[in-house]
Amino acid sequence: MAMVLNYISLRYADKIDSPTLKSLVLSAQQEEHQKTQSYLRDSLNAMAIKMGQMQAQLLRLDSVGMRLAELAGMKPQEYLFNQNPGQGGTLSTQQLQDISFTEFNSQIQELARTLDDRTDKLDALDSLLMQDRLRKKFFPSAMPVEGKAYSSGFGLRIDPFSGKRHFHEGIDFIMPAGSPVLAAAGGVVVYSDYHPEYGNMIDVDHGNDFVSRYAHASKRLVKVGQVVVRGQKIAEVGSTGRSTGPHLHFEVRHRGSPQNPSRFLKMPG
């Protein structure tokens with residue numbers, strides 16, 4: 001009936017003389033208008049809710065993006081996540097067309113799906129980079145002393161006591177007695193005691209079968225079972241045990257086998 005009255009009102013609106021019929025036609029038009037307005041309000045409310053969700057997602061993506069840029073070592077000014085990207089171009093010579101409500105809604109839905117996809121991928125990348133950063137923090141790659149001069153490297157050398165060729169399992173850093181000895185990475189102290197050859201010695205387990213060793217210390221400042229962080233002072237340089245003078249003997253062992261510490265001390269992180 002509403003459709004019939006609506007058709008009549010449009011087709012014969014100027015010819016209707018009956019007040020009753022005019023009233024029915026106006027009532028039908030008002031009802032149809034109200035339904036249209038109600039549909040538009042509901043659609044706009046749904047789109048507003050979706051727009052709010054997308055804005056929240058964009059803020060989260062900005063946060064993840066800035067964190068990823070920081071982890072990757074990028075400069076903040078290279079990726080301004082909190083600013084809109086610049087856009088421009090010439091005016092098209094083709095006839096411009098207004099976007100329809102249906103097309104607009106379709107584009108919002110497509111943009112929402114794209115945001116969900118990008119969020120999942122950035123989260124996965126963020127997790128991988130964070131794991132890599134944590135792995136480096138537990139890798140013995142930080143200098144164990146503040147100086148870099150060393151008196152003996154890793155490998156075969158002439159033993160200072162016997163005068164014979166001997167395999168040196170670490171690096172000897174020349175430092176004054178009492179200088180701080182620093183943990184090369186975070187880990188757990190698994191040995192802190194006096195050794196007949198190494199003197200005051202500390203072993204720190206970094207996980208993944210890696211252990212760093214600090215020997216000939218004058219003083220040990222950590223105990224077995226203690227958790228240490230990268231760069232923490234754990235001892236002081238000395239000349240205890242089988243030593244000719246104040247220095248730090250530093251080793252890196254993987255599954256018990258000595259490794260060349262120089263390979264790890266050159267690692268970034």
Side-chain angles (χ1 to χ4, degrees), residues 70-71 127 129-157 159-162 166-269:
E70 181 182 356
L71 289 172
S127 178
L129 284 175
M130 188 62 69
Q131 288 178 10
D132 185 61
R133 174 63 66 89
L134 290 174
R135 182 183 63 82
K136 288 181 179 179
K137 285 185 179 295
F138 287 93
F139 226 59
S141 57
M143 290 294 293
V145 290
E146 294 178 352
K148 294 184 179 181
Y150 61 90
S151 59
S152 185
F154 179 84
L156 289 172
R157 69 169 185 175
D159 185 82
F161 291 95
S162 66
H166 173 76
F167 191 85
H168 190 229
E169 298 182 341
I171 293 178
D172 291 340
F173 289 95
I174 305 172
M175 294 295 294
S179 300
V181 176
L182 312 175
V188 179
V189 178
V190 293
Y191 186 95
S192 180
D193 207 340
Y194 189 88
H195 188 280
E197 295 184 348
Y198 285 108
N200 284 319
M201 185 182 85
I202 295 171
D203 281 357
V204 179
D205 189 338
H206 306 289
N208 296 319
D209 299 316
F210 280 99
V211 173
S212 60
R213 175 168 292 176
Y214 314 80
H216 306 304
S218 61
K219 184 185 296 184
R220 292 175 283 106
L221 304 177
V222 292
K223 300 178 180 180
V224 173
Q226 184 174 338
V227 177
V228 298
V229 296
R230 182 187 183 96
Q232 178 180 336
K233 182 179 178 180
I234 59 175
E236 293 181 359
V237 172
S239 184
T240 57
R242 196 170 183 268
S243 170
T244 60
H247 72 285
L248 170 68
H249 175 83
F250 175 69
E251 293 182 13
V252 174
R253 291 178 172 267
H254 183 248
R255 297 179 179 174
S257 299
Q259 308 292 315
N260 189 348
S262 298
R263 291 195 303 112
F264 301 94
L265 296 179
K266 292 179 181 178
M267 287 186 59

May I ask you to decide if Leu265's main-chain N or O and Ser141's side chain share a donor-acceptor pair within less than 3.5 Å? no

In Å and rounded to the nearest 0.5 Å, what is the CZ to NE2 distance from Phe264 to His206? 10.0 Å

Of all heavy-atom pairs between Val189 and Ser192, which one has the smallest distance, and what is that distance? CG1-CB, 4.0 Å

Gly245 backbone acceptor or donor facing His247 side chain under 3.5 Å: yes

Is Phe154 close to Ser262 at the side-chain level, that is, under 4.5 Å between some pair of heavy atoms? no

Test: side chain to side chain donor-acceptor pair (under 3.5 Å). Region: residues 169-181. Which pairs qualify, not counting sequence neighbours? Arg157-Asp172, His168-Asp172, Glu169-Arg253, Asp172-His249

Please confirm whether the backbone N or O of Phe210 pairs with a side-chain atom of Asn208, one donor and one acceptor, at under 3.5 Å? no

Say you draw a straight line from CD of Gln226 to CG of Leu221; how long is it, rounded to the nearest 0.5 Å? 9.0 Å

Starting from the C-alpha separation in whole Å, work towards a yes-or-no answer on side chain to side chain contact (heavy atoms under 4.5 Å, CB included) for Met175 and Leu248. CA-CA 7 Å; Met175 294 295 294; Leu248 170 68; 5.6 Å; no

Which atoms form the tightest heavy-atom contact between Pro261 and Gly170, and what is the distance? CG-CA, 4.3 Å

May I ask you to decide if Ala217's main-chain N or O and Thr240's side chain share a donor-acceptor pair within less than 3.5 Å? yes

Would you name the heavy atoms of Val228 and Ala183 that are closest together and state the gap between them? CG2-CB, 4.2 Å

Taking Tyr214 as the fixed residue, which of Tyr198, Tyr191, Phe250 is the one that meets the ring pair (Phe, Tyr, Trp, His ring centres under 6.0 Å) rule? Phe250

Listed once per pair and sorted, the salt bridge (Lys or Arg N to Asp or Glu O under 4.0 Å) pairs that draw on residues 188-199, sequence neighbours left out: none

Not counting sequence neighbours, list each pair that qualifies as a salt bridge (Lys or Arg N to Asp or Glu O under 4.0 Å) and has a residue in residues 208-219. Asp203-Arg213, Asp209-Arg255, Arg213-Glu251

One pair to check against side chain to side chain contact (heavy atoms under 4.5 Å, CB included): Ser218 and Glu236. What are the steps and the verdict? CA-CA 6 Å; Ser218 61; Glu236 293 181 359; 3.6 Å; yes

Could you check whether any side-chain N or O of His216 sits under 3.5 Å from a backbone N or O of Asn200, counting only pairs where one atom can act as donor and the other as acceptor? no

Identify the heavy atoms of Ser212 and Pro140 that sit nearest to each other, and give their distance. CB-CB, 4.4 Å

